[in-house]
Protein chains: 2
Amino acid sequence: MYLKNVKTFAIIIEKENWGMIMVTIKDIAKKLGISYTTVSRALNGKPGVSQETVEKVLKEARKMGYQPNAIARGLVKKYTNTIGLVIADITNPYYPSIARGVEDAARKIGYNVFLCNTNYNKENEQSYLKTLQEQRVDGIIINPAKDDSPNVYDLQTPMVLINSPSYGGNNSTIEVDNKRGGFLATEHLIKSGYKRIAFIGGDIASYSNGRRFEGYKEALKEYNYPVDESIIAYGSFKTKSGYAIIERLLKLENPPDAVFAGNDVIALGILHYAQDKGIKVPEDFGVVGFDNVGFSELPQIQLTTIDQPKYYIGKLAFEILMEEIRNKEERFVKKIVLEPELVIRKTTRGK
Amino acid sequence: MYLKNVKTFAIIIEKENWGMIMVTIKDIAKKLGISYTTVSRALNGKPGVSQETVEKVLKEARKMGYQPNAIARGLVKKYTNTIGLVIADITNPYYPSIARGVEDAARKIGYNVFLCNTNYNKENEQSYLKTLQEQRVDGIIINPAKDDSPNVYDLQTPMVLINSPSYGGNNSTIEVDNKRGGFLATEHLIKSGYKRIAFIGGDIASYSNGRRFEGYKEALKEYNYPVDESIIAYGSFKTKSGYAIIERLLKLENPPDAVFAGNDVIALGILHYAQDKGIKVPEDFGVVGFDNVGFSELPQIQLTTIDQPKYYIGKLAFEILMEEIRNKEERFVKKIVLEPELVIRKTTRGK
DNA sequence: ATGAAAGCGCTAACAT
DNA sequence: ATGTTAGCGCTTTCAT
């Protein structure tokens, strides 16, 4: 089963073993003829050990290749210096940026992060949450898979939610102002002279998508455009979905001449269809996405979109989480909303 | 400092606390008036407990909201059900695919994965390796940051290397046949009728890049093309680097009419430059990349490239790692080489 | 300045 | 079938 596509499966060396002879503080205490309490103190720079002893211990520790056991420490100290990051799919370019933000911030203070991909699946999410708690992570950052059933996250563990309202659990949240973003996107389309603007969303159960849709409707109203159900559609957050839906909408007797897509990935599918059919973008057809994901700025794509500070969101989420971890009793629940920004590129006429 | 771009920073609820009253097997034993060993046995489905007791325990555990403590278990059982995944940058689309492969495979057997981004930095890598060992991960999968100084990874921990030879440490490795890939790419360019084929690599210290270059040279020789140093260049694995280098090469008095790029990200920069300058691809200029990253197949890009089974590599790396973890004494070091595949798209004339 | 002892939550002998 | 004990590697009182 391995062997599919395997060219070489060779060079087998026998009996190479891993040496699992981990040295402990007891070992180095014995070697030095002192108590292991002293070793512990020396290793941790605690007061009450003579300079001389400290040096002896440090030297011996290095010599013996001592590696502190974070597991044992965690057992007594009640924290693990680890957090969990639960996202839908690291393969969607939106998430890696957030993940980097979280991880860079974490690393700076010696924290580790467990990466968990739910693959947009609620059961996977629950399962991961359970595991993370068993691993006694100090906190969790989560971008919920869906928001159809209320996300009641009242775990024993500090938690901050990204792009999701907090139901019941009183968790801190951080999100971009999705409604405002939706408004900006739609308004831009209107001001660019497009007349029939469709909305093509992803999962209808997505909170952020819903907010973007509200912004869309608000803009239409403000500019006296009708809200036409026939050119409003939901699918999934996939390129294929965008492609399939725009194909359908464009066959309507009264087709749209522009679309605000639920995110960049969907917008990409729309662009793909336009290209396949030789539809001129932005002259005859306008599209704006959401997220300002990496590929959106490619010269070949140049997608007009709504930017959100992804890396910063990850960083901020971690910082807030740390605050909550540090002040477990007497914490302050925060609801943070960041400003989105319209990025005009080549898939709309501009003004 | 938080406040940049922050719209709302509000809704503050005071004194919401995390209830850190974790229930242990002792608690449920006390409640039930039995020994905690019995509880442990019941919870783990071990023999020697009456059906009746098992049910009582399970019920009470659920009722009290018991969460097993994986830390404590790890301390006695000597394994943590956790591995580390060390890569350069999750933001480079090549890695998420691998990460998914690893994580999906891990999840299937209840393993967690620590994600570590070295950001192409050797010091970060060392630091992460240290931390991972302290956390007593059961194993490590690593795609080394660089290969200039030999990667001597003889840790106490089982380890498999991706895209890197193993120096000294006798670790199993898994890689695509980079040389063959380089050959295929270059040969394709030759057969497509391009006459002066440049090579634009990433980090000169990269092992995989070096192999690709060897394949490039081999193909040139086989078809009696000269190997011309003036159109061979290295930079970094970034789009910008590709852009800058091709700009320079194209100003040569004898410029190339095609290029084999060290990876797709670099190729993208080259394409970018061609577009900026109105150079016709593939008619007047051919480019092939390496990796077949997600964006390469976008209709707007359609990059000819060398595919490698990224997800599968991740999956395989995990499976091999698990084998090594399970057979620590008497392990078999494996060197696996996978077959790359030429994917012809629109940035070369084809045959 | 150093050591002895207890204990974190659990599993695994070793009884009974 | 159940309980007792020891111990994983460490930190933290409490002595000395």
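Source: prediction; values computed, not measured. Order of the sequence lines sets the chain letters (A, B, ...), proteins ahead of strands, with each chain counted from 1.
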Do any side-chain nitrogens or oxygens of A:Lys46 fall under 4.0 Å of OP1 or OP2 in C:dA1?
no
Ranking C:dA1, D:dG9, C:dT11 by distance to the side chain of B:Arg73, first place goes to C:dT11
For A:Glu134, is there an ion pair with A:Lys130 - N to carboxylate O distance below 4.0 angstrom?
yes
Could you tell me how far apart B:Lys26 (NZ) and D:dT5 (C1') are, to the nearest whole angstrom?
12 Å
Is any side-chain N or O of B:Thr37 under 3.5 Å from a base N or O of D:dT4, one able to act as donor and the other as acceptor?
yes
Less than 3.5 Å apart, any donor N or O on the side chain of B:Asp104 or B:Tyr311 sitting next to an acceptor on the other?
yes
Separation of C:dC8 atom P from A:Lys77 atom NZ, nearest Å, is 16 Å
Nearest whole Å is fine: how far is D:dG9 C1' from A:Tyr66 OH?
8 Å
In whole angstrom, what separates B:Ile34's CD1 from D:dT2's P?
8 Å
Establish whether the base of C:dG9 is bridged to the side chain of A:Arg136 by a donor-acceptor pair shorter than 3.5 Å.
no
Of the options C:dA6, C:dT11, C:dC8, whose atoms approach the side-chain atoms of B:Tyr36 most closely?
C:dT11
Which whole-number value in Å describes the distance from B:Gln133 CD to D:dG9 C1'?
17 Å
Whole-Å gap separating C1' (C:dC10) and CE (B:Met22):
15 Å
Report the distance from atom CG of B:Leu43 to atom C1' of C:dC10, rounded to the nearest whole Å.
11 Å
With no hydrogens and no angle check, do the side chains of B:Asn92 and B:Tyr120 hold a donor and an acceptor under 3.5 Å apart?
yes
Whether the side chain of B:Thr53 and the base of D:dA1 hold a donor-acceptor pair under 3.5 Å is what I'd like checked.
no
Electrostatic pair B:Glu319:B:Lys315 at N-O distance under 4.0 angstrom:
yes
Of the nucleotides D:dA1, D:dG9, D:dG3, which one has an atom closest to the side chain of B:Ser35?
D:dG3
Does a side-chain N or O from A:Thr38 land closer than 4.0 Å to OP1 or OP2 of C:dG3, or not?
yes
Send over the distance from A:Lys56 NZ to C:dA1 P, rounded to a whole Å.
14 Å
Verify whether one side chain among B:Tyr111 and B:Asp138 offers a donor that lies under 3.5 Å from an acceptor in the other.
yes
Report yes if at least one side-chain N or O of A:Asn44 is closer than 4.0 Å to OP1 or OP2 of D:dT11; otherwise report no.
yes
Side-chain donor/acceptor contact of B:Ser40 with base of C:dA12 under 3.5 Å
no
When you measure from the side chain of B:Val76, which nucleotide among D:dC10, D:dG7, C:dT2 comes out closest?
D:dG7
Among D:dC10, D:dA6, C:dG3, find the nucleotide with the atom closest to the side chain of A:Thr24.
D:dC10
